[in-house]
Structures are given as structure tokens and as C-alpha cells.
J.: 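The structure follows.
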Amino acid sequence: MSTHFAADTTVLLGRSMRHVTRSLDTIITTAVMPIAFLLLFVYVFGGAISAGPGRYVDYLLPGILLITVATGVSYTAFRLFLDLQSGIFERFQSMPIARSSVLWAHVLTSVLANAISLVLVLLAALLMGFRSGAGVLAWLAVGGILLVFTLALTWMAVVPGLTAKSVDGASAFSYPLVFLPFVSSAFVPTASMPGPVRAFAEHQPVTSIVDTIRRLFAEQPVGGDIWVALAWCAGALVVAYLLAMATYRRKAA
């Protein structure tokens, strides 16, 4: 069964990736907005923002990476919605393939497409002056956090992809995800925020994830923050996966 599932997922993953490579504008679009945020905040607002010593691009980048993922997963919902509308979803259900492989192909496509977008954003940050002396283990830790974060948001995207009534409804769920980093430590230290806003910013998941990635890039001790960040990511992943699979089973019934 596991071999059957792996083979089916691989075939469907190839199909989804061909769609992406034939429409590279989706990856470019995913990377353009975060890069625009980088340019805007570093070169326009950066001089007026006090984020402590060091280059502002170094402070800003972790939050921009999360925004890149939040933007990218909307295409997962969009592609899944199109499969439902085109009738190919029902066609797959009638074929002797592992049912969950349909979803996993979309999820893995999201992971690969977002990885490309993250690399493009990172290259842009390097051209803008971002530097990190982090070692291999720190970079692997950053990659692991971003991977779990991407999986969590992608499984969230599956739900609107399966239930939306329109294309706009399928992709609109990502708007709050893109906005969330703005009320966190992604752009400015939380100490500069008013009381209620600061309380929310310091106890929402983006702040712990951003702070952990920032410390890893800066070769600073992460302490218990890394476990808080991973707990947020893993918890969101488990809940999103269970909800997505329950929605899928109802849709396929």
C-alpha cells in the first residue's frame, strides 16, 4: 500500500509540477510581492524605523520569508479549486489510485514551489546587503522551521481549495496570513507597540518563529524560543492536516 501511495503521489506530483513550470508567473508573482516589501521597507521606511543595531534588511528578512510562504500557499488552494471545477478530481476518484495521493501531490508541489520562491527572495536580500555568518546547522534549522511552516499553511490551504465557491474565495484565505506578520516582531520590535497590540504581537505564532530565525541568522542563542516556534508550527500542521483530510473525505464520499 505504501509503495502504491508513493508511486501514485510521484506521478501526480509530476503532473502538478508541469503545470507550475508551464506557468512560471505563479512563482514569479509569489516572489515579487515579498521582494517589493523588502525594497519598500529597507529603502523607503528603513531610515525611519529603529530596530536596533545592525542592518535593517537582516532584521526584516525572517518576516519576509514567512510572508513569501503565506503568499505562495494561496496557489495551492487555487490549483485544487481548478481541479475540482474541471472535473479531473472526480476522474481521479474513479481511478485505482491511492485517494490521499491527490492531496499530497498538491501539498508537495506547494513545498517545492515555495522553496524556489524563498530562494529568489533570499537572493534579492543578499543583493540588498543581507549577510549571515550562520553555520550549516543553523541554516538547516531555518530550513526545517520553514518546511514545517510551509506544510502547515499548505494543509490549511487545502480546506478552502476543497470548499470554496469561487476562485477568489479559494485564494482569499491567505490574506489574513499575509497580514499577521505586520502585527508581530517581523518589521519592528514589539516594545514599540501600544499595550494591547504588544500583548497580541508577543503571544502570536509569527513572533516566536521570526525571532528564532533571526537569532539563528545572527548566530545568537535561541533558548526555548525554537521549541515554542516548532510547537506552533507542528500544532498548526496537525490541526490543518486533520481538518483537510476530514474535508477531503466528505468531498470524496
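Excluded from the calculations below are hydrogen atoms, water molecules and symmetry mates; all remaining heavy atoms, backbone and side chain alike, are included. This chain uses plain numbering: 1 for the first residue, then up along the sequence. Worth saying up front: this structure is predicted, and the values here are computed from it rather than measured.
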J.: Could you walk me through whether I67 and V121 pass side chain to side chain contact (heavy atoms under 4.5 Å, CB included), step by step?
T.: CA-CA 10 Å; I67 288 177; V121 171; over 6 Å; no

J.: Quick check: do L80 and L103 have side-chain heavy atoms less than 4.5 Å from each other?
T.: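 Yes, at least one pair of side-chain atoms sits under 4.5 Å.
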
J.: Side-chain contact, heavy-atom cut-off 4.5 Å: S184 with Q204?
T.: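 Sidechains of Q204 and S184: in contact.
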
J.: Nearest 0.5 Å please: distance from the CG atom of L108 over to the OG1 atom of T154.
T.: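 Spacing of CG (L108) from OG1 (T154) equals 9.5 Å.
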
J.: Would you sort out whether D225 and T212 count as a side-chain hydrogen bond (donor to acceptor under 3.5 Å, both in side chains), showing the intermediate values?
T.: CA-CA 6 Å; D225 282 346; T212 298; 5.1 Å; no

J.: With sequence neighbours excluded, tell me which residues meet ring-ring contact (aromatic ring centres under 6.0 Å, His included) with W227.
T.: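 For W227, no residue satisfies ring-ring contact (aromatic ring centres under 6.0 Å, His included) once neighbours in sequence are set aside.
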
J.: Do R214 and Y59 form a cation-pi contact, if we require the NZ or CZ to be under 6.0 Å from the six-membered ring centre and within 45 degrees of the ring's axis?
T.: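 Yes; both conditions hold, so R214 lies above the ring face of Y59.
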
J.: Tell me, do Y248 and V158 make a side-chain contact under 4.5 Å, heavy atoms counted?
T.: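 Answer no - side chains too far apart.
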
J.: I'd like to check I209 versus C233 (side-chain heavy atoms, cut-off strictly below 4.5 Å). Are they in contact?
T.: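 They are in side-chain contact.
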
J.: Quick check: closest heavy atoms across D58 and G129, and the distance to 0.1 Å?
T.: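 Scanning both residues completely, I find the closest heavy atoms to be OD1-O, 4.2 Å.
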
J.: Grouping I, L, V, M, F, W and Y whenever their side-chain heavy atoms are under 4.5 Å apart, do I64 and L40 come out in a common cluster?
T.: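 Linked, I64 and L40 end up in one cluster.
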
J.: Between M33 and V178, is any pair of side-chain heavy atoms under 4.5 Å apart?
T.: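 Yes - at least one pair of side-chain heavy atoms lies under 4.5 Å apart.
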
J.: What heavy-atom pair brings T163 and V159 nearest, and what distance separates the two atoms?
T.: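 Shortest heavy-atom separation between T163 and V159 comes out as OG1-O, 2.8 Å.
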
J.: Hey, what do you get for CG (L122) to CG (L65), rounding to the nearest 0.5 Å?
T.: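 One gets 6.5 Å once the value is rounded to the nearest 0.5 Å.
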
J.: Could you tell me which non-hydrogen atom of L216 sits nearest to which non-hydrogen atom of A141, and how far apart they are?
T.: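 Result for this residue pair: CD1-CB, 3.8 Å.
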
J.: Would a 4.5 Å heavy-atom cut-off, applied to side chains only, mark V188 and M193 as touching?
T.: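 Yes. Closest side-chain heavy atoms under 4.5 Å.
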
J.: Mind listing the closest non-hydrogen atom pair of P181 and A186 along with its distance?
T.: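 Shortest heavy-atom separation between P181 and A186 comes out as O-CB, 3.4 Å.
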
J.: Could you report the tightest heavy-atom contact between V73 and A157, atom names first, then the distance?
T.: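 Closest approach of V73 to A157: O-CB, 3.4 Å.
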
J.: Please say yes or no: joined through hydrophobic side-chain contacts below 4.5 Å, possibly via intermediate residues, are V69 and L140 part of one cluster?
T.: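 V69 and L140: separate clusters.
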
J.: Give, for atom NZ of K165 and atom CZ of F81, the distance between the pair rounded to the nearest 0.5 Å.
T.: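 If I round to the nearest 0.5 Å, the distance is 9.5 Å.
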
J.: Can any side-chain N or O of T76 pair as donor or acceptor with the backbone N or O of G72 at less than 3.5 Å?
T.: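 Judged by distance alone, no pair lies under 3.5 Å.
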
J.: Among the clusters formed by ILVMFWY side chains lying less than 4.5 Å apart, do V238 and V228 turn up in the same one?
T.: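 Different hydrophobic clusters.
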
J.: Just checking F149 against W232, ring centres under 6.0 Å apart?
T.: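 Between W232 and F149, which both carry aromatic rings, the centre distance is not below 6.0 Å.
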
J.: Is F182 atom CZ crowded by more than 12 heavy atoms from other residues, nucleotides or ligands, each under 6.0 Å away?
T.: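 Atom CZ in F182 is crowded, with more than 12 foreign heavy atoms closer than 6.0 Å.
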
J.: State plainly whether one hydrophobic cluster holds both L177 and F179, where clusters connect Ile, Leu, Val, Met, Phe, Trp and Tyr through side-chain heavy atoms under 4.5 angstrom apart.
T.: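 Yes; F179 is reachable from L177 via cluster members.
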
J.: Quick check on the hydrophobic clustering: are I35 and L127 connected, directly or via other members, by side-chain heavy-atom contacts under 4.5 Å?
T.: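 As far as the 4.5 Å side-chain criterion goes, L127 and I35 are not connected within one cluster.
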
J.: Does the side chain of L126 come within less than 4.5 Å of R131's, by heavy atoms?
T.: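 Side-chain contact under 4.5 Å: yes.
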
J.: Ignoring hydrogens and angles, state whether a donor on the side chain of T207 or E202 is under 3.5 Å from an acceptor on the partner side chain.
T.: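 Side chains of T207 and E202: no pair found under 3.5 Å.
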
J.: Can you tell me how far the CG atom of L61 sits from the CG atom of L38, to the nearest 0.5 Å?
T.: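 Result: 6.5 Å between the selected atoms.
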
J.: Mind checking ring-ring contact (aromatic ring centres under 6.0 Å, His included) for F200 and listing every partner two or more places apart, or none if nothing turns up?
T.: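 F200 satisfies ring-ring contact (aromatic ring centres under 6.0 Å, His included) with no other residue.
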
J.: Is there a side-chain contact between V44 and L39 in this structure, where contact means two heavy atoms from C-beta onward sitting under 4.5 Å apart?
T.: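 They are not in contact (no side-chain heavy atoms under 4.5 Å apart), so the answer is no.
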
J.: What do you reckon, are the aromatic ring centroids of F41 and F187 less than 6.0 Å apart?
T.: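 That pair passes the under 6.0 Å test.
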
J.: CD1 of I145 to OG1 of T150: how many Å apart, nearest 0.5 Å?
T.: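 Going from the CD1 atom of I145 to the OG1 atom of T150 covers 11.5 Å.
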
J.: Assess whether side chain to side chain contact (heavy atoms under 4.5 Å, CB included) is satisfied between S132 and W139, documenting all intermediate values.
T.: CA-CA 10 Å; S132 172; W139 278 98; 4.2 Å; yes

J.: Say you draw a straight line from OH of Y56 to CE of M128; how long is it, rounded to the nearest 0.5 Å?
T.: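 Result: 10.5 Å between the selected atoms.
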
J.: Return the minimal non-hydrogen interatomic distance between A240 and A152, and the atom names on each side.
T.: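 So the minimum-distance heavy-atom pair works out to CB-O, 3.7 Å.
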
